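In what follows, a single structure is set out as structure tokens and then discussed.
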Amino acid sequence: MIATTSNKYHHTNRDDRAQKWGNQRPNTIANSGSGVSKGKLHLRYFVMVEIIVIWGEQGQPALEKASICLLNCGPTGSETLKNLVLGGIGSITVVDGSKVENGDLGNNFMVIESSLGQPKAKCVCAFLQELNDVVKAKFIEEHPVTLIETNPSFFSQFTLVVATQLVEESMVKLDRICRDANVMLIFARSYGLSGFVRISVKEHAVIESKPDHFLYDLRLNNPWPELKKFTENIDLDTSDTVVHKHIPYILILVKIAEEWAKSHGGRLPSSREEKKEFKELIKAKMVATDEDNYKEANEASFKVFASQGISSDLKRILDDPCAEVESGASDFWVMVAALKFIANEGGGEASLEGSIPDMTSSTELYVNLQKLYQAKAEADFLVVEQRVRNILKKISRDLDSISKTVIKSFCKNARKLTVCRYKLLEEEFNSPVLPELQKYLTDEEYSVAVGFYILLRAVDRFSANYNTFPGQFDGAMDEDISRLKTTAVSLLSDLGCNGSTLTEDLINEMCRYGAAELHAVAAYVGGVASQEIIKLITRQFVPMSGTFIFNGIDHKSQLLSL
């Protein structure tokens, strides 16, 4: 008999939750007198169900509490905010001091002909509110540069600021403002067939990093006492063929690993020959060719050979100076400090996740094994929780300021913790990692991406010097090409890349763009930006590091680490 798995139960519970929400939420909206159309109601229902499924019970509330400020609501900003509004963000504030012009009608579907002459922020805000009227939305008819210069404290009220289509000088100033206010910031810009996205956050800790590929923590090479005791009752030499075919591979591997260690001075296989010999031992235990459990044991035997203890990535986090917590420490570092104590005192292992994968097994053995892993995970959680409370007391904080739910999630994902730190934009602009920059400039694979990066900065210098962007006036095209080339070479020289040049074709292309904000490029860049924003707010998945460059000529997207 093949056992069911925890994953199946999880999907069932998730579907039940979605069905329950579906049975209640539509009626609530329909009876609210809000005038929401049936089509919009159904769209919102399916979007919200999908969001709950993806972001879970912790991620969705974080989105609903978030307050987002958008600077400039051209197509790049509008597309970014559209995705967030459909995603159920809590509130938005649109800041733009311009009026809707004829050019806006061709590249921003959130304004229409009747919007001409009206404040762009007002029109875009109204459109976004139509997409999801649960989102609180307001607009401010003000030029973002003016706010940055005259009212920096304005930005401290937001969870995150999305700054689109800003020039370099304003980006650098806003970056410092948001860092000082501890407000997350993301830059997005589309320029002709190029675009970039750049996150700027002092520190971003991720508990639910959700890597694409990650091994279950089964402790096959370091079983805890209860697992050892459970394994002792398993007879791999049983004459009952049905029983023999349905011993879970976890128990097979723990049992054979223990036998191996007894005859090898307590060591597990390490050399290629020993690993091969270990696999032969597994095969030798088979009594029939159709024993899938032993085949699974053979395929999973590499887990026995893996290094014991915590990974190098987790060790770096545990050894981070921030793990020496003080009164102002974040919840994340308080929990890291608690985990560090457990790892040092608890056999050199992180807290157990508690789940096991699908496998060939009798139902009884599978369920008992699952309970064993869950019990160990619960025990580890209780130890970590108590340590967290002790630390909170030591630094004079409310003992319940970190909930059990958060601590449990932290323990479950302990092996997948990630900490991201981002350079100040000013540091990157003035002192990039020179070897990396030089490598990109000479690498054919990255030459166009880094060319766009340099030219996006060069056009801002051009604008500061000539009060216009290159290529905005047809009659000055040849002169602008020459000026932009000189500006780009000067910028490269300032960055320490003397003698480096960019291709004539790329310089000509940037001038041909004339600072145009194309809707197709803006939609792509806005989609990337909104995806990263959701990662930042929900603290799920790892946000990108470095500067994201979109190359619309070759349809490539690349990250530059500078």
Side-chain angles (χ1 to χ4, degrees), residues 72 76 145 163-175 187-198 423-518 521 525 546-554 556 558 560-562:
N72 290 319
T76 306
V145 174
T164 68
Q165 305 305 106
L166 291 182
V167 295
E168 183 172 315
E169 182 182 2
S170 297
M171 287 194 290
V172 168
K173 289 179 180 178
L174 180 62
D175 191 20
F187 297 103
R189 187 178 188 180
S190 58
Y191 194 101
L193 292 178
S194 69
F196 90 98
V197 176
R198 166 66 148 80
K423 289 173 68 173
L424 267 168
L425 202 61
E426 186 175 15
E427 291 178 12
E428 179 184 314
F429 284 170
N430 293 338
S431 304
V433 182
L434 193 55
E436 288 296 312
L437 179 57
Q438 290 172 333
K439 183 184 75 174
Y440 291 139
L441 286 167
T442 56
D443 187 338
E444 186 176 346
E445 180 68 20
Y446 283 89
S447 60
V448 176
V450 75
F452 274 134
Y453 174 83
I454 295 297
L455 287 171
L456 283 168
R457 295 189 56 195
V459 297
D460 287 345
R461 282 196 179 190
F462 186 106
S463 174
N465 291 333
Y466 302 107
N467 203 31
T468 182
F469 286 99
Q472 282 193 308
F473 301 102
D474 292 337
M477 183 65 75
D478 290 341
E479 185 178 8
D480 284 355
I481 289 173
S482 177
R483 285 174 171 176
L484 181 59
K485 181 178 180 179
T486 301
T487 305
V489 170
S490 174
L491 174 58
L492 285 167
S493 178
D494 291 346
L495 296 175
C497 298
N498 295 313
S500 297
T501 59
L502 304 177
T503 65
E504 297 282 349
D505 288 345
L506 203 57
I507 294 170
N508 294 346
E509 188 74 5
M510 287 298 284
C511 287
R512 190 173 72 87
Y513 296 156
E517 195 176 354
L518 305 179
V521 175
V525 172
T547 299
F548 172 90
I549 299 292
F550 174 62
N551 166 10
I553 298 173
D554 300 321
K556 282 185 178 180
Q558 292 171 303
L560 303 179
S561 300
L562 298 169

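The structure displayed is predicted, hence computed values, not measured ones.
Side chain of S447 to backbone of E444: a donor-acceptor contact under 3.5 angstrom is found. Between the side chain of T164 and the main chain of N72, a donor-acceptor pair closer than 3.5 Å is present. Judged by distance alone, the side chain of N465 and the main-chain N or O of R461 form a donor-acceptor pair under 3.5 Å. Although no hydrogens or angles enter the test, the distance criterion places no donor-acceptor pair under 3.5 Å between the side chain of S482 and the main chain of D478. Side chain of K423 to main chain of L562: a donor-acceptor pair is present (N/O by atom type, distance under 3.5 Å, no hydrogens or angles). Put simply, the side chain of N551 never gets that close to the backbone of A449: no donor and acceptor are under 3.5 Å apart. Looking only at distances, no side-chain donor or acceptor of Q165 sits under 3.5 Å from a matching main-chain atom of T76. Proximity of a side-chain donor or acceptor of Q438 to a complementary backbone N or O of S500 within less than 3.5 Å is not detected. Panel note: side chain Q472, backbone F469; a donor-acceptor pair is recorded below 3.5 Å.
When side chains are defined from C-beta on, D480 counts as touching F462, because their heavy atoms get closer than 4.5 Å.
Among all heavy-atom pairs drawn from I507 and L484, the shortest one is O-CD2, 3.9 Å. The two residues L495 and F429 make their nearest non-hydrogen contact at CD2-O, 3.1 Å. Of all the heavy atoms in L506 and I553, the pair that sits closest is CD1-CD1, 4.3 Å. Of all non-hydrogen atoms in Y513 and G192, the two that sit nearest each other are CG-CA, 3.5 Å. Of all the heavy atoms in L491 and A458, the pair that sits closest is CD2-N, 4.0 Å.
Salt-bridge annotation for E168 and R457: present, with a side-chain N of the basic residue lying under 4.0 Å from a carboxylate O of the acidic one.
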| query | When you look at L502 and L492, which way does the side-chain contact (heavy atoms from CB on, under 4.5 Å) test go after all the steps? | reply | CA-CA 9 Å; L502 304 177; L492 285 167; 4.3 Å; yes
| request: Step by step, work out the side-chain contact (heavy atoms from CB on, under 4.5 Å) result for T547 and E428. | output: CA-CA 10 Å; T547 299; E428 179 184 314; 3.1 Å; yes
| Taking it one step at a time, do E426 and D175 satisfy side-chain contact (heavy atoms from CB on, under 4.5 Å)? | CA-CA 8 Å; E426 186 175 15; D175 191 20; 5.9 Å; no
| task | Go through the steps to decide whether S194 and M510 satisfy the test side-chain contact (heavy atoms from CB on, under 4.5 Å), and finish with yes or no. | result | CA-CA 9 Å; S194 69; M510 287 298 284; 4.2 Å; yes
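Remark: D505 CG to R512 CZ distance equals 11.0 Å, nearest 0.5 Å. Distance check: C497 SG to L437 CG gives 4.0 Å after rounding to the nearest 0.5 Å. Atom OH of Y440 sits about 10.5 Å away from atom CD1 of I549, to the nearest 0.5 Å. N430 CG to L425 CG: the interatomic distance, rounded to the nearest 0.5 Å, is 9.5 Å. Atom CZ in R189 sits 6.0 Å away from atom CG in L456 (nearest 0.5 Å). Rounded to the nearest 0.5 angstrom, K485 NZ and C511 SG are separated by 11.5 Å.
None of F187, F548, Y191 except one satisfies the side chain to side chain contact (heavy atoms under 4.5 Å, CB included) rule with F196; the exception is F187.
Within 6.0 Å of atom CG in N467, 12 or fewer heavy atoms from other residues, nucleotides or ligands are found, so the atom counts as exposed in its surroundings.
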